[in-house]
Amino acid sequence: MFKAILIEKDEQGYRAALKDVDDAQLPAGPEANVTVKVAASTLNYKDGLAITGKSPVVRKFPMVPGIDLAGTVESSSHPDWQPGDRVVLNGWGVGETHWGGLAEKARLNGDWLVPLPAAFTPEQAMAIGTAGYTVMLCVLALERHGVKPEHGEIVVTGAAGGVGSVAVALLAKLGYTVAAVTGRAAEADYLKSLGAATVLERSEFNQPGKPLAKERWAGAVDTVGSHTLANVCAQTKYGGVVTACGLAGGMDLPASVAPFILRGVTLAGIDSVMRPKADRLEAWRRLAIDLDLTKLGLITREITLAEAIAATQQLLDGQVRGRVVVRVS
Ligand code: NDP
């Protein structure tokens, strides 16, 4: 038996609870060839949606949520993995269509796993988590499109959240000047301690704006979407790059084409879930080099598996600062 958060949906309704689960219930079949003893997982925005049922993230029941995990291989019939290997997993529909990381054990497809970089403990890897891995994909996109620190400021929206906090810390470490946008003025000192040069009010961004505004940003990491993303695009300098990875403020994009056709702005969509393995390896390699681990401590709060369900509503209410690591075993 092992402990897991189990989401069930039946005539009694949609519910999540910490349960004892039999090993025999672990996923079977071709996408379940490596059993991992989970050391740590995290709470991401998507996990919040899954656990509360606020959005139809979970598409099979019962489901163990948790879109990422770090741990050690217990047994494997996959040629790449042996018992004792340290692994990390992000995405691939885990925690949505395949049992995920908010459990003491997971049985996964070995093709989805990447080696846990030697630079990190499992808890540090999960402090980074899908949030940090996604930020690195944003940074790689900025670099690929030629955005350099000397080109000007990079704006990060939803800055006090998980993705936003890692984005501020990582971009600052790489020498970029970071403008952090937050709805929580009380977090200004926190964002400055992560490396933000300026902290701006969310209300300057989340209302309908002009198709083109004064040029301010060389690049952007947007976790919010909707009017915020539209305004960031409208404020981006000639030739600048906006990476869009989130929808914390809405899924719509009430924008015009003006920034793209008059200023050559690039809107780069960032998906971490189905990203090919080579990109994942590169992102984790760069995180091991480029992230200041002392900043991770400022970003992270640790909770237990038993505390995870209660923490999810706080996360969806935008009350959680930075990252939440779930220490599993
Ligand atoms: P968090 O909940 O930790 O952070 C989201 C932040 O967005 C909040 O802290 C808040 O920041 C801001 N925010 C919340 N509600 C609103 C609102 N109504 N209007 C404007 N800003 C708001 O979530 P994560 O950082 O884990 O994820 C952020 C987004 O990125 C989510 O939409 C998530 O689904 C997405 N994501 C996408 C991935 C991908 O592969 N593309 C991977 C990982 C995440 P503040 O208080 O500072 O304003």
Side-chain angles (χ1 to χ4, degrees), residues 41-52 54-55 57 66-68 89-96 126-138 140-141 155-170 178-192 194 196 199-207 220-232 242-253 267-276 279-280 283 299-301 311-326:
S41 183
T42 76
L43 280 188
N44 295 279
Y45 191 82
K46 201 185 257 180
D47 300 318
L49 296 177
I51 290 172
T52 58
K54 191 179 162 197
S55 280
V57 166
I67 65 167
D68 46 20
L89 172 124
N90 302 100
W92 293 115
V94 171
E96 302 176 63
M126 284 299 99
I128 297 164
T130 297
Y133 148 64
T134 303
V135 170
M136 189 43 100
L137 295 175
C138 293
L140 291 169
V155 65
V156 175
T157 62
V163 175
S165 294
V166 184
V168 171
L170 186 61
V178 181
V181 179
T182 183
R184 290 180 269 175
E187 301 298 359
D189 287 345
Y190 162 72
L191 291 166
K192 287 190 174 156
L194 296 182
V199 178
L200 301 166
E201 260 291 321
R202 180 197 290 177
S203 57
E204 290 178 37
F205 290 80
N206 67 358
Q207 302 303 317
V221 173
D222 178 63
T223 74
V224 171
S226 193
H227 291 298
T228 299
L229 177 55
N231 285 323
V232 164
V242 177
T243 59
C245 69
L247 44 61
M251 205 170 186
D252 58 331
L253 179 51
L267 180 56
I270 303 297
D271 166 66
S272 70
V273 178
M274 301 309 290
R275 202 72 178 213
D279 293 355
R280 293 165 185 265
I299 291 172
T300 311
R301 176 163 71 102
T312 52
Q313 193 55 52
Q314 258 187 314
L315 183 84
L316 293 185
D317 290 344
Q319 297 306 316
V320 170
R321 179 172 102 175
R323 301 274 302 136
V324 181
V325 171
V326 182

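In each ligand, atom 1 is the first atom listed, and ligand 1 is the first ligand listed. Because only heavy atoms are used, hydrogens play no part in the values below, and waters and symmetry mates are left out as well, while side chains stay in. What you see is a predicted model; the values in this text were computed from it and never measured.
Between Leu137 and Arg280 the shortest side-chain heavy-atom distance does not fall below 4.5 Å. Residues Phe205 and Leu200 are in side-chain contact: their nearest non-hydrogen atoms beyond the backbone lie under 4.5 Å apart. Between Leu194 and Val178, every side-chain heavy-atom pair lies at or beyond the 4.5 Å cut-off. Side-chain contact between Tyr133 and Arg275: present, with at least one pair of heavy atoms (C-beta onward) separated by less than 4.5 Å.
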Using a 3.5 Å cut-off and no angle test, enumerate the donor-acceptor pairs between side-chain atoms of residues 155-163 and protein atoms at least two apart in sequence or in another chain.
residue, atom, partner, partner atom, Å
Thr157, OG1, Asp222, OD1, 2.6
Thr157, OG1, Thr223, N, 3.0

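Within 4.0 Å of ligand 1, contacts by protein heavy atoms are made from Tyr45, Thr130, Thr134, Gly158, Ala159, Ala160, Gly161, Gly162, Val163, Thr182, Gly183, Arg184, Arg202, Thr223, Val224, Cys245, Gly246, Leu247, Ala248, Gly249, Ile270, Asp271, Ser272, Leu315.
Note: His227 NE2 to Arg202 CZ = 13.5 Å, rounded to the nearest 0.5 Å.
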